[in-house]
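Here is the structure we will look at.
Chain naming here is simple, since letters A, B, ... match the order of the sequence lines and numbering starts at 1 in each.
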Protein chains: 2
Amino acid sequence: MKAANLRARVRAEMTEEIKQVARRHLATDGADLSLRAVARDLGMASSAVYRYFASRDELLTALIIDAYDAVGQDAEQAAAAHEDPAEKWVAIGHAVRDWALANPHQWALIYGSPVPGYQAPRDTVVPATRVIFALAETIRLGLADGRIATVPPQPAGRFGEELVAIAEQFGPDVPAHLVGAGLYGFIHLCGAVSAELFGQLNNGIDDDRRGFFEWQMRATAAFAGLS
Amino acid sequence: MKAANLRARVRAEMTEEIKQVARRHLATDGADLSLRAVARDLGMASSAVYRYFASRDELLTALIIDAYDAVGQDAEQAAAAHEDPAEKWVAIGHAVRDWALANPHQWALIYGSPVPGYQAPRDTVVPATRVIFALAETIRLGLADGRIATVPPQPAGRFGEELVAIAEQFGPDVPAHLVGAGLYGFIHLCGAVSAELFGQLNNGIDDDRRGFFEWQMRATAAFAGLS
DNA sequence: GCTTTTGCAAGAGCAGTGCTCTCGTTGTGT
DNA sequence: ACACAACGAGAGCACTGCTCTTGCAAAAGC
């Protein structure tokens with residue numbers, strides 16, 4: 001059974017190697033990942049790859065999960081490195097942006113338009129929440145420390161009830177409007193990074209994009225009452 | 001020469017028809033537009049399409065320009081339908097969102113991740129600015145009417161100078177921080193629509209997405225001083 | 001020990017893609 | 001009427017995702 005473990009380990013290594021080469025292809029050749037090209041780089045027949053991933057989409061899904069985890073981990077580490085909630089908030093933003101600038105095609109994979117034959121399996125749901133959870137935890141900390149000064153406008157309407165439902169997942173006494181502000185901040189974070197990465201800022205802000213980004217992050221922090 | 005006009009007109013009609021069928025394919029089959037499939041639908045050989053578009057990318061570029069113009073026009077009309085700057089602002093947002101919900105794949109084309117062999121030709125630059133110009137014009141109007149109440153935080157650093165440079169294109173006496181707020185609002189608008197369209201809101205805000213969106217738009221309007 | 005089952009890799013093959021080239025045809029300007 | 005440019009169709013190239021069959025080596029059962 002040691003041999004069996006060996007077999008499983010070799011399989012795990014092979015799986016990881018395929019993902020690694022695929023990531024490299026994604027980074028260099030662009031978004032249209034070719035399974036055959038990956039197989040060629042590994043010196044194996046294209047059909048052999050199907051022993052490890054049932055389809056190209058499944059490979060992409062694996063890459064998506066890894067990407068969510070990678071950017072989520074960076075965000076969590078950045079948050080842990082600061083004491084003040086507002087600084088945590090901004091640090092999360094910079095961490096996400098830095099990761100996206102370093103891995104633009106992986107960013108496009110997770111926060112860009114869904115891939116052609118798009119399908120978001122359940123496996124991606126949990127890793128996808130790490131960044132927004134880091135933001136939410138920052139707000140919760142600020143709230144616990146009495147660091148939340150001003151408050152965003154009260155949500156009115158049915159979506160307010162949905163915010164309440166989300167708030168209850170974070171524990172008692174979390175105001176719905178702060179959940180709204182957290183979601184607002186997350187949306188703006190994704191929007192700002194995507195705008196920079198996808199060329200929406202071209203011929204506008206070309207020099208000090210980091211400064212402009214930080215200005216935006218501080219604005220969203222202030223919207224959540226973190227100053 | 002009347003015959004020449006006829007030839008040119010037939011060519012224009014054919015070009016438009018190809019784009020129309022391509023848009024339909026984009027809407028139904030998804031993002032991976034197949035030139036051959038479009039040709040089949042038109043009852044022509046795939047090679048004949050190349051008489052009208054030099055490549056698949058060129059077809060996509062044409063669709064991108066049209067999409068920018070379409071959403072831009074909707075935004076401008078929505079703005080024109082209101083008097084109060086804050087209402088103009090929200091109306092622009094809803095117009096853009098409505099268009100995106102009606103044409104999700106076209107939205108992905110212009111504001112999603114760039115297409116695989118991506119290239120943003122110069123032709124797309126001008127149409128791409130219509131939405132943000134509509135937002136900027138709204139701010140300018142509010143400023144002229146003395147409707148700008150509070151102001152966003154002053155941008156500090158090099159990007160502040162870049163904002164000044166942009167502000168000068170809009171005319172004299174336009175404060176840089178308002179340009180920043182306009183860009184901020186545009187980025188959030190794109191982020192909010194993309195988040196909704198690309199599934200980032202799933203298992204969170206599922207019911208009253210319109211309400212949540214409007215709440216966000218009013219927040220960005222307030223950030224620009226429009227209330 | 002040997003046999004059977006399983007996991008894996010390779011190759012051929014299918015249907016599809018973007019794109020090029022050639023070859024007739026048809027309409028246009030002189 | 002003639003030369004020329006525009007056009008459509010077809011064949012073909014290199015590529016893609018994916019399936020199926022074949023052969024081989026490692027694990028499992030007796």
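- Between A:Phe223 and A:Tyr184 the shortest side-chain heavy-atom distance falls below 4.5 Å.
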Please list, pair by pair, any protein nitrogen or oxygen found under 3.5 Å from a nitrogen or oxygen in nucleotides 7-9 of chain D.
from: D:dC7; atom 1: OP1; to: B:Arg11; atom 2: NH1; distance (Å): 3.1
from: D:dC7; atom 1: OP2; to: B:Arg11; atom 2: NH1; distance (Å): 2.7
from: D:dG8; atom 1: OP1; to: B:Tyr52; atom 2: OH; distance (Å): 3.0
from: D:dG8; atom 1: OP2; to: B:Tyr52; atom 2: OH; distance (Å): 3.3
from: D:dG8; atom 1: N7; to: B:Arg51; atom 2: NE; distance (Å): 3.3
from: D:dG8; atom 1: O6; to: B:Arg51; atom 2: NH2; distance (Å): 2.6
from: D:dA9; atom 1: OP2; to: B:Ala45; atom 2: N; distance (Å): 2.9
from: D:dA9; atom 1: N7; to: B:Ser47; atom 2: OG; distance (Å): 3.1

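- Look at CZ on A:Arg40: it is 10 Å from C1' on D:dA14, rounded to the nearest Å.
- For A:Phe198 and A:Tyr111, the ring centers sit 6.0 Å or farther from each other.
- A donor and an acceptor atom, one from each side chain of A:Thr220 and A:Trp89, are located under 3.5 Å apart.
- In summary, the side chains of B:Ser194 and B:Trp107 do present a donor paired with an acceptor at a separation below 3.5 Å, with no hydrogens or angles considered.
- Distances were taken from every side-chain heavy atom of A:Leu35 (C-beta onward) to each of D:dG17, D:dT16, C:dG18; the shortest belongs to D:dG17.
- The aromatic ring centroids of A:Phe133 and A:Phe170 lie less than 6.0 Å from each other.
- Atom OH in A:Tyr50 sits about 11 Å away from atom P in D:dT16, given to the nearest Å.
- One atom, CG of B:Asp57, and another, C1' of C:dT17, lie 14 Å apart when rounded to the nearest Å.
- Residue A:Ala37 is the one, among A:Ala37 and A:Ala54, whose nearest nucleotide of DNA chain D lies closer to the 5' end (criterion: closest heavy atom).
- Backbone-only contact: B:Ser55 has heavy atoms under 4.0 Å from sugar-phosphate atoms and none from a base.
- A:Asp32 places its CG atom 12 Å from the P atom of C:dC19, with the value rounded to the nearest Å.
- Annotation: side chain of B:Val164 is not in contact with side chain of B:Val179 (no heavy-atom distance under 4.5 Å).
- For B:Arg36 and A:Leu33, each mapped to the nucleotide of DNA chain D holding its nearest heavy atom, the one lying further toward the 5' end belongs to B:Arg36.
- A:Arg56 places its CZ atom 18 Å from the P atom of C:dG16, with the value rounded to the nearest Å.
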